[in-house]
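Accompanying notes for the structure given below.
Both backbone and side-chain heavy atoms feed into the values below; hydrogens, waters and symmetry mates do not. Everything quoted here is computed from the prediction, not taken from an experiment.
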Amino acid sequence: MAVVQSRIGAIFGLFFLLLVLAAGRTLYLGTIHSGTLRQAARAQQLTAETVPAQRGTITDRNGIDLAVSEPAQDISATPYLVKEPLAVSQKLALLLGVSQATLLSDLSEHTGFVYLARAVPAKAAQTVLGLDIAGISGTPVMRRVYPRGTLAAQLLGVVGTEGNGLTGLEYSNNSLLHGRAGERRVVSDALGQPISIDNVHPEVSGASLSLTLDANIQRRAENVLGAVAKVYAPKDATAIVMNPSTGAILALANWPQVNANDPSAAPEGATEDRAVSFNYEPGSTFKVVAVSGGLESGLITPSTPFAIPDEIQVANRTIHDAEEHGEETLTTAEILAQSSNVGAIKIGALDGPERFNQWVHKYGFGARTGVELPGEETGVTLPPSEYSGSSMGNLPIGQGELVTPMQMVSAYSAIANGGILRRPHVIGAVDGRPQPEAAGRRVISAKTSAEIRTMLKGVLAPGGTASEVSIPGYELAGKTGTASKVDPATGEYSETAYVASFIGFAPAKDPKLLCAVVVDEPQNGSIYGGTVAAPAFGQIMSFALPYLRIPPG
């Protein structure tokens, strides 16, 4: 009996000891360690998530989507949690569009985190995450998509993996387009299923941009440049179409083309927007500066006659006309139509260095136009103090100073619209709010503007340098340019590298549309603005004029 009672006492003592231990543990967990446990519980059940903002949409003037954002996921891995890297890399390679070798290398990293693919489309990401592979996870992001691929790719630009614009309008307007990411707190149960979601800070979508660009005119311009490239194999080419009365850009095309959805596949330098970044000597398209200056100053009229020999001596330089001829008499209008170098130099001599330089800057050369595009160059102009003895033999014919295609379009718009220099622009509205147009400033009188427009008709008339270009029903006006490039190796003008250009507008009497084509280093068949660039102008305008319902005239 004593043995039984002894055993019962031992058991009771054991249970009592366990009860004391349990009570002590409860006291410890409930008081001393309670804060740490509560924090751990919250960490397991409460998570903070970033909600990516919708980047603003970019559309053309008619509402056609050019750049949009859609939900996506960044797929990442915790390599030490991935049990079978080889098998996992085989499963994910096709789904992620990444080589198996690259995935296997990433999954074999001695690290706690690695990105496998960025901005994976939502459907593909769901498939990957649906495989429920330990160590593979996704983070919601927005993916930038360009529905029309190559259309206006250099102008639109691209967005980087962190969601910020890197080039083009995506870069220069990043603060408008980006939006603001939101934050939410998610409470999950023991199985990890969300049971409540609290939006701490709602996301704010980026502003939408409506461009002045017209997708159909843009496509036509790009197709025409592509055809020019097939024939003449240039280094690159640019075309700009503009409403000269407002400065609104309807098309801005560059060749080589770039697929904005895959810019890394583009040729080197192709992503550059040459319309604003290409500094070049304009050649004969610059002759309107000297001519308009002479007209405005009352030094000449369109019918003023000049004795034009085949060549002219200016200081230590002898400058020829493009084609040999005996001495002849040409009027101001004929000098412009036939693009006589000797004639332009004689008119420039009437202006004189100081006055000529004033006209160069009145037209905006040597300064940015202010178009809403990044990377715009200013060109290069010389102050009269740096002119050499032969400068007034070079400058009036478009040599010795650098311009950009956008500057040339801006200057010719002033000639087309009655004499007002306006800021070119490509953004029409932000979040549906029309953007105010700059007032502009007068460069030349309406009378001088009309006289130059009339003279520029001669360029496309018989005997002009672009006489083969015509559009039935429309009277055209414009100017050709063929300029040698400076060879960087010798510092002298090249005998093989040229820039061929044409700038014109229609209808000539009351221009509603202007177009410039600049072809850098055409290689095959011809190097002249009249045969390389002018026909491209005609092909673009023959589509755009009736498309915009601009009446013949």
### Task
Please lay out, stage by stage, how Val342 and Ile319 fare under the test side-chain contact (heavy atoms from CB on, under 4.5 Å).
CA-CA 7 Å; Val342 173; Ile319 300 166; 5.9 Å; no

### Glu376 vs Thr404, side-chain hydrogen bond (donor to acceptor under 3.5 Å, both in side chains): CA-CA, chis, key distance, verdict
CA-CA 8 Å; Glu376 183 177 17; Thr404 68; 5.0 Å; no

### Task
Decide side-chain contact (heavy atoms from CB on, under 4.5 Å) for Val141 and Val120; before the verdict, give the C-alpha distance in whole Å, the side-chain angles of both, and the deciding distance to 0.1 Å.
CA-CA 9 Å; Val141 295; Val120 177; over 6 Å; no

### Query
Going through the checks in order, is the side-chain contact (heavy atoms from CB on, under 4.5 Å) test met by Thr465 and Gln338?
CA-CA 6 Å; Thr465 55; Gln338 298 177 30; 5.5 Å; no

### Query
Which is it for Ser542 and Tyr474 under the side-chain hydrogen bond (donor to acceptor under 3.5 Å, both in side chains) test, yes or no, and what are the steps along the way?
CA-CA 9 Å; Ser542 66; Tyr474 292 93; over 6 Å; no

### Query
Can you check side-chain hydrogen bond (donor to acceptor under 3.5 Å, both in side chains) on Ser277 and Glu377, steps first, answer last?
CA-CA 5 Å; Ser277 68; Glu377 296 286 346; over 6 Å; no

### Task
Check the pair Thr150, Val258 against side-chain contact (heavy atoms from CB on, under 4.5 Å), reporting the backbone distance first and the verdict last.
CA-CA 5 Å; Thr150 59; Val258 174; over 6 Å; no

#### Entry: Test salt bridge (charged side-chain N to carboxylate O under 4.0 Å, His left out) applied to Arg274 and Asp520, step by step
CA-CA 10 Å; Arg274 305 282 284 178; Asp520 184 16; 3.2 Å; yes

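Leu211 is not listed as a side-chain neighbour of Arg61, based on a closest heavy-atom distance of 4.5 Å or more. Between Leu545 and Lys512, every side-chain heavy-atom pair lies at or beyond the 4.5 Å cut-off. Contact of the Ile420 side chain with the Val443 side chain is not registered, since no non-hydrogen atoms from C-beta on lie closer than 4.5 Å. Annotation: side chain of Thr482 is in contact with side chain of Ile527 (closest heavy-atom distance under 4.5 Å). Contact check for Val499 versus Val519: no side-chain heavy atoms found under the 4.5 Å cut-off. Annotation: side chain of Glu451 is not in contact with side chain of Ile300 (no heavy-atom distance under 4.5 Å). Between Val380 and Glu401 the shortest side-chain heavy-atom distance does not fall below 4.5 Å. Side-chain contact between Arg148 and Ile64 is present, with at least one heavy-atom pair separated by less than 4.5 Å.
In this structure, a donor-acceptor pair under 3.5 Å is present between the side chains of Arg144 and Ser69. Defined by atom type and a distance below 3.5 Å, a donor-acceptor pair is present between the side-chain atoms of Glu170 and Tyr146. With hydrogens and angles left out, the side-chain atoms of Ser340 and Asp321 include a donor and acceptor closer than 3.5 Å. Judged by distance alone, the side chains of Ser339 and Ser284 do bring a donor and an acceptor atom under 3.5 Å apart. In this model, no donor atom of one side chain and acceptor atom of the other lie less than 3.5 Å apart for Asp236 and Asn254. When only modelled atom types and interatomic distance are considered, Ser172 and Glu372 share no side-chain donor-acceptor pair under 3.5 Å. Side-chain polar atoms of Ser175 and Asn173 form no donor-acceptor pair below 3.5 angstrom. Side-chain N/O atoms of Asn174 and Arg55 include a donor and acceptor closer than 3.5 Å.
Look at Arg118 and Glu162 and you find a salt bridge, because one of the NZ, NE, NH1 or NH2 atoms lies within 4.0 Å of a carboxylate O, short of that distance. Salt bridge present: Glu70 and Arg143 bring a charged side-chain N and a carboxylate O closer than 4.0 Å. Between Lys485 and Glu521, at least one side-chain N (NZ, or NE/NH1/NH2) sits under 4.0 Å from a carboxylate O, which counts as a salt bridge.
When all heavy atoms are compared, the tightest approach of Gly149 to Asn261 is CA-ND2, 3.9 Å. Smallest separation of non-hydrogen atoms from Leu514 and Pro244: N-CD, 3.9 Å. The heavy-atom pair separating Leu402 from Asn279 by the smallest distance is CD1-CB, 4.0 Å. Between Arg355 and Leu350 the shortest heavy-atom distance is NH1-O, 4.1 Å. For the residue pair Gly294 and Asp351, the shortest heavy atom distance occurs at N-OD1, 3.3 Å. Between Pro396 and Gly348, the shortest heavy-atom contact is CG-CA, 4.1 Å.
Going from atom OG1 of Thr212 over to atom CG of Leu250 covers 6.0 Å, rounded to the nearest 0.5 Å. Residue Cys515 holds its SG atom at 12.5 Å from CZ of Phe505, rounded to the nearest 0.5 Å. Within the model, atoms CD1 of Ile503 and OG1 of Thr285 stand 5.0 Å from one another, a figure rounded to the nearest 0.5 Å. Of the inter-residue distances, the one linking Leu225 atom CG with Ile540 atom CD1 reads 5.5 Å to the nearest 0.5 angstrom. Rounded to the nearest 0.5 angstrom, Ser292 OG and Ile444 CD1 are separated by 5.5 Å. Rounding to the nearest 0.5 Å gives a distance of 12.5 Å between NZ of Lys479 and CD1 of Ile452.
One N or O on the side chain of Gln154 and one on the backbone of Ala270 form a donor-acceptor pair closer than 3.5 Å. Asn243 contributes a side-chain N or O that, together with a main-chain N or O of Ser245, makes up a donor-acceptor pair within less than 3.5 Å. Under a 3.5 Å cut-off, the side chain of Glu222 and the backbone N or O of Ala152 do form a donor-acceptor pair. Checked by atom type and distance alone, the side chain of Thr167 pairs as donor or acceptor with a backbone atom of Val158 at under 3.5 Å. No donor-acceptor pair closer than 3.5 Å links the side chain of Thr238 to the backbone N or O of Val518. When atom types are taken as modelled, the side chain of Ser297 and the backbone of Leu299 share no donor-acceptor pair closer than 3.5 angstrom. Using modelled atom types, one side-chain atom of Asp74 and one backbone atom of Ala119 make a donor-acceptor pair closer than 3.5 Å. With Gln218 contributing its side chain and Leu252 its backbone, the two residues share a donor-acceptor pair below 3.5 Å. Between the side chain of Glu354 and the main chain of Pro384, no donor-acceptor pair closer than 3.5 Å is present.
Under the side chain to side chain donor-acceptor pair (under 3.5 Å) test applied with Asn341, the options Lys346, Gln399, Lys287 reduce to a single match, Lys287.
In the displayed structure, Tyr171 atom OH is contacted under 6.0 Å by at most 12 heavy atoms of other residues, nucleotides or ligands. A 6.0 Å sphere centred on CD of Glu468 holds no more than 12 heavy atoms belonging to other residues, nucleotides or ligands.
Side-chain rings of Phe365 and Phe286 approach one another, their centers coming within less than 6.0 Å.
Screening residues 407-434 for side-chain hydrogen bond (donor to acceptor under 3.5 Å, both in side chains) gives Ser208-Asp431 as the qualifying pairs, with residues at least two apart or on separate chains.
Using the six-membered ring where Trp is involved, Phe278 and Tyr280 have ring planes that are parallel, under 30° apart on the 30 and 60° scheme.
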